[in-house]
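What follows is a short report on a single structure.
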Amino acid sequence: MPELPDVEGFRKVLTSCAKGRVIQRVDVRDTGVLHGVSTRRLRDTLVGRRFTEPERHGKWLLAHTGGPTLLLHFGMTGRLVCARPDDAVEAHDRVLFTLDGGRQLRYRDQRKLQGLWLAGDDSEAARLLAGQGPDAMALDRAEFEAALSSHRGRVKTVLTDQSVLAGLGNLLADEILWRARLRPTVRASDLTEADRRRLYAGMRRTLRSAVTAGCVPPRDSWLTGHRDDADPACPRCGTLLRRSRVAGRGTVWCPRCQPDGS
């Protein structure tokens, strides 16, 4: 599932492929990814516009054009691809934006759980994102601690709630909690000040590394690198990892490094 680091990577794709280029053509190959906008309106609004500096908020990508803004969400399987207009179109290429200079930006998504929205101006874009919490990369420690302490839910549930904190998904939450030595089921409101500081530091370190990699990397020294092993062991202490479900999400944790009452 694309999380904050992946979407930051898509922002870089959009910047390198499309920034400063004029949209010459819009081809919608599957209207199932359009939300609140028709093919005709999308085409009429964007053709002739020039992509400007894109922006990311949490798992959302905002493709600005100096007026209307195209908002993209990648759901479980979405991605953004830079191609040439004469490159073969793949089965899951849902919307194609042909640009000047021989470039084509493609929204590719197998499962189509999210998609594209169109905002007429910045205020409409802000309304579409009104339910999102602060971006996980942008908030400082005081804001992070305030967000956590005001919720009584399990800490993993709170971390992955996009209305509390935008950008963290399942893999990131498990990785961050493992680094902070906190069990995913502990109540956010029960965390001590030391717990919250450790959690914030772990989040910042994890996000910096993951953004550089463009994903949540399955490194041997990371929990993520072992969560799908047949008999997964903690890369820190060697204890067999446990699997459970928290808020309906598959969750992996170490019973030794993340004990009850952490």
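Along the sequence shown, residues are numbered consecutively beginning with 1.
- Gln132 places no side-chain N or O within 3.5 Å of a backbone atom of Ala166 that could act as its donor or acceptor partner.
- Using a 4.5 Å heavy-atom threshold, the side chains of Leu118 and Leu46 count as touching.
- Of the possible polar contacts, none joining the Asp229 side chain to the Asp231 backbone as a donor-acceptor pair under 3.5 Å is found.
- A donor-acceptor pair under 3.5 Å is absent between the side-chain atoms of His73 and the main chain of Leu116, judged by distance alone.
- Leu99 and Val47 fall within the same hydrophobic cluster, where Ile, Leu, Val, Met, Phe, Trp and Tyr residues are linked whenever their side-chain heavy atoms come under 4.5 Å apart, directly or through other members.
- Between the side chain of Asp135 and the backbone N or O of Gly58 there is at least one donor-acceptor pair closer than 3.5 Å.
- Partners of Thr77 by side-chain hydrogen bond (donor to acceptor under 3.5 Å, both in side chains), not counting sequence neighbours, listed by chain and number: Asp109.
- Looking only at side-chain heavy atoms (C-beta outward), Leu172 and Pro5 come within less than 4.5 Å of each other.
- Applying the side chain to side chain contact (heavy atoms under 4.5 Å, CB included) criterion to Thr39, with sequence neighbours excluded, gives Val28, Thr31, Leu34, Arg43.
- Inspection of the Gln24 and Thr98 side chains reveals no N or O donor paired with an N or O acceptor under 3.5 Å.
- The closest side-chain heavy-atom distance from Leu191 to Leu148 is below 4.5 Å.
- The closest side-chain heavy-atom distance from Arg29 to Arg94 is not below 4.5 Å.
- Expressed to the nearest 0.5 Å, how far CH2 of Trp222 lies from OG1 of Thr206 amounts to 5.5 Å.
- Remark: side-chain polar atoms of Tyr200 are not paired, donor with acceptor, to backbone N or O of Ala142 under 3.5 angstrom.
- Without hydrogens or angle criteria, Glu175 side chain to Leu171 main chain gives no donor-acceptor distance under 3.5 Å.
- With hydrogens and angles disregarded, no donor-acceptor distance shorter than 3.5 Å links the side chain of Arg50 to the backbone of Ala18.
- Taking CD of Glu143 as the reference point, atom CG of Leu165 lies at 10.5 Å (rounded to 0.5 Å).
- Connectivity analysis of hydrophobic side chains (ILVMFWY, heavy atoms under 4.5 Å, direct or indirect) links Met76 to Met1, Leu113.
- Pairs engaging residues 31-146 under the disulfide bond (SG atoms under 2.5 Å apart) rule: Cys17-Cys82 [sequence neighbours left out].
- Just one of Lys59, Arg208, Arg56 meets the salt bridge (Lys or Arg N to Asp or Glu O under 4.0 Å) condition when paired with Glu8; it is Arg56.
- Contact of the Asp27 side chain with the Val95 side chain is not registered, since no non-hydrogen atoms from C-beta on lie closer than 4.5 Å.
- Within the structure, disulfide bond (SG atoms under 2.5 Å apart) contacts touching residues 218-252 (residues at least two apart or in different chains) do not occur.
- Counting heavy atoms from C-beta on, the side chains of Phe74 and Leu80 come closer than 4.5 Å.
- Panel note: side chain Asp161, backbone Val158; no donor-acceptor pair is recorded below 3.5 Å.
- Counting side-chain heavy-atom gaps under 4.5 Å among Ile, Leu, Val, Met, Phe, Trp and Tyr, the cluster of Val89 also holds Leu96.
- At a threshold of 4.5 Å between non-hydrogen side-chain atoms, the residues Lys19 and Leu14 do not count as touching.
- Side-chain contact between Asn170 and Arg227 is present, with heavy atoms from C-beta onward closer than 4.5 Å.
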